[in-house]
Asks: 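Quick one: the structure is below, and I'll ask about it shortly.
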Amino acid sequence: MKLLIINPGSTSTKMSVFEDYDELFTENAFHDAPELLRFRTTNDQIGMRKKVVLDFLAGHGMEIGDIDVFVGRGGCAYSQPSGVMIIDERLFEDTKDDKGGSDHPAKLGVMMAYEFGCEHHKPMYTVNPTNVDELCDEARITGLKGVYRRAQSHVLNQKAVAAFHAGRMNRRYEDCSFIVCHIDGGITIAAHRNGRMIDGTEGAGGDGPFTPTRLGSIPIMETAKFVEKHSAKELEAMCSRSGGFVSHFGTSDSNRIHKMVEAKDEHATLVWKAMTYQICKEIGAMAAVLGGKVDAILLTGGLVRFDDIVSGIKERCSWIAPVHIYPGEMEQQEMCHEVLKVLRGERKARIYTGRPVFSGFGWDRE
């Protein structure tokens with residue numbers, strides 16, 4: 001059984017082929033921001049991203065028809081519970097149309113898996129998309145009635161890393177409390193309690209730390225001033241594609257920015273340190289959410305390869321709980337292994353309902 005795992009991110013497309021549990025080959029194609037900003041919308045990237053996938057297979061002597069199962073990272077449809085979900089036409093259309101109210105490249109995993117699967121009449125699945133909603137009700141409320149915070153995070157990697165670390169502690173994920181930080185082109189920090197992500201930063205929604213591609217949290221009046229001189233579409237793009245490092249330096253390439261830091265460039269050094277500083281602020285917030293009862297702080301994602309980010313977080317946050325490092329991500333293996341459990345009858349896949357997990361409180365309907 002050959003599975004193709006398609007994992008589009010804000011700065012990359014990661015692709016793997018597994019034969020059952022054996023990883024045959026994996027590649028990660030980097031896309032700098034100027035390349036992606038040529039496309040008006042995220043959906044417009046699908047042709048380019050599909051070619052990247054096909055070239056990846058051809059480079060390893062395979063064709064798309066050799067694949068038995070397509071698995072794509074997902075997001076952007078209505079919010080969903082965690083687990084494995086079958087990709088069907090309803091999920092494809094709601095993903096394409098951003099029914100969940102966000103626009104993130106992860107959606108292209110579902111869209112490509114669906115198109116490849118339909119073309120070759122093969123099964124298609126997604127696992128723990130970015131819009132899994134497990135928020136506690138207190139985390140939803142804002143100071144505007146009827147306006148709620150959304151669950152948008154690196155759920156797939158965060159849950160995989162949390163479960164893995166719990167196993168290393170000889171405990172179940174469902175019995176632990178963790179703060180998990182995914183630090184890469186996008187950055188999300190979440191509080192995990194008893195197997196659920198009860199609070200966290202909204203990755204592509206203008207919330208949390210700024211990142212290589214995202215603007216992060218900005219005071220609302222400063223945001224209003226920006227919109228007076230620019231368009232809402234520009235602001236939306238800066239939430240996911242053209243903020244952060246891209247706004248400051250015209251590139252999302254963290255290696256290039258870090259070389260500027262090493263060369264003691266004043267602008268790059270302050271921006272780099274400020275990003276780490278903002279990550280630490282959110283870790284502190286999640287510690288409060290968990291009442292200070294934190295079993296571990298887990299750092300994962302591509303930017304954890306930079307020692308100064310890790311040391312900066314340890315310096316400010318190690319008093320909260322032990323800090324553990326998991327560079328990169330566990331997303332490819334997690335998608336493969338969870339789908340194989342479904343294929344082998346060990347668990348059931350969910351069917352997308354087309355209804356959000358949360359659609360308001362009782363007073364909203366009064």
Asks: With a 4.0 Å cut-off, would you call E228 and K225 a salt bridge?
Replies: no
Asks: When the ring planes of F210 and H248 are compared, do they come out parallel, tilted or perpendicular, using 30° and 60° as the limits?
Replies: tilted
Asks: Kindly give the heavy-atom pair with the smallest separation between V310 and V304, and that separation in Å.
Replies: CG2-O, 3.5 Å
Asks: Once ring-ring contact (aromatic ring centres under 6.0 Å, His included) is applied, what residue pairs with a partner in residues 288-322 remain, sequence neighbours excluded?
Replies: H258-F306, W272-F306
Asks: Give me the ring orientation class for H60 and F56: parallel if the planes are under 30° apart, tilted from 30 to 60°, perpendicular past 60°.
Replies: perpendicular
Asks: Check the pair N131, D133 against side chain to side chain contact (heavy atoms under 4.5 Å, CB included), reporting the backbone distance first and the verdict last.
Replies: CA-CA 6 Å; N131 54 346; D133 186 346; over 6 Å; no
Asks: Between T188 and Q158, do the side chains contain an N or O donor and an N or O acceptor separated by less than 3.5 Å?
Replies: yes
Asks: Would K233 and E236 count as a salt bridge (Lys or Arg N to Asp or Glu O under 4.0 Å) here? Give the steps.
Replies: CA-CA 5 Å; K233 279 293 182 184; E236 182 181 8; 3.5 Å; yes
Asks: List the steps and the verdict of side chain to side chain contact (heavy atoms under 4.5 Å, CB included) for C181 and E282.
Replies: CA-CA 9 Å; C181 310; E282 296 297 341; over 6 Å; no
Asks: Determine, for E338 against K341, whether the closest basic-nitrogen to carboxylate-oxygen distance falls under 4.0 angstrom.
Replies: yes
Asks: What is the ring orientation for H165 with F178, classed by angle as parallel under 30°, tilted 30 to 60°, or perpendicular over 60°?
Replies: perpendicular
Asks: Donor-acceptor pair, T142 side chain versus L144 backbone, under 3.5 Å?
Replies: yes
Asks: Return yes if some donor-acceptor pair links the side-chain N/O of K159 with the main-chain N/O of G195 below 3.5 Å, else return no.
Replies: yes
Asks: Give me each pair satisfying salt bridge (Lys or Arg N to Asp or Glu O under 4.0 Å) with a member in residues 83-108, each pair once, sequence neighbours excluded.
Replies: E93-K96, D98-K107, D103-K107
Asks: Can you confirm whether the side chains of S177 and D295 place a donor and an acceptor under 3.5 Å from each other?
Replies: no
Asks: Does a salt bridge link D20 with R344, judged by any charged N lying under 4.0 Å from a carboxylate O?
Replies: yes
Asks: Let me confirm one number: the CZ-CD distance from F30 to E35, rounded to the nearest 0.5 Å.
Replies: 8.5 Å
Asks: Start with the C-alpha distance between D207 and R150, add both sets of side-chain angles, then the distance that settles salt bridge (Lys or Arg N to Asp or Glu O under 4.0 Å), and finish with yes or no.
Replies: CA-CA 10 Å; D207 183 37; R150 298 177 303 176; over 6 Å; no
Asks: Using only atom types and a distance under 3.5 Å, with no angle test, would you say the side chain of D32 pairs donor to acceptor with the backbone of S252?
Replies: yes
Asks: Between R40 and R241, which heavy-atom pair has the shortest distance, and what is it?
Replies: O-NH2, 3.2 Å
Asks: In terms of the angle between their ring planes, are F361 and W363 parallel, tilted or perpendicular, with boundaries placed at 30° and 60°?
Replies: parallel
Asks: So does K50 pair up with E115, basic N to acidic O under 4.0 Å?
Replies: yes
Asks: Hey, does the side chain of R73 reach the backbone of P8 with a donor-acceptor pair shorter than 3.5 angstrom?
Replies: yes
Asks: Does V69 reach the side chain of L340, with side-chain heavy atoms less than 4.5 Å apart?
Replies: no
Asks: Using distance alone, with no hydrogens and no angle criterion, decide if Q152 and H104 have a side-chain donor and acceptor under 3.5 Å apart.
Replies: no
Asks: Does P219 offer a backbone N or O that forms a donor-acceptor pair with the side chain of E222 under 3.5 Å?
Replies: no
Asks: Any side-chain donor paired with an acceptor under 3.5 Å for T41 and D44?
Replies: yes
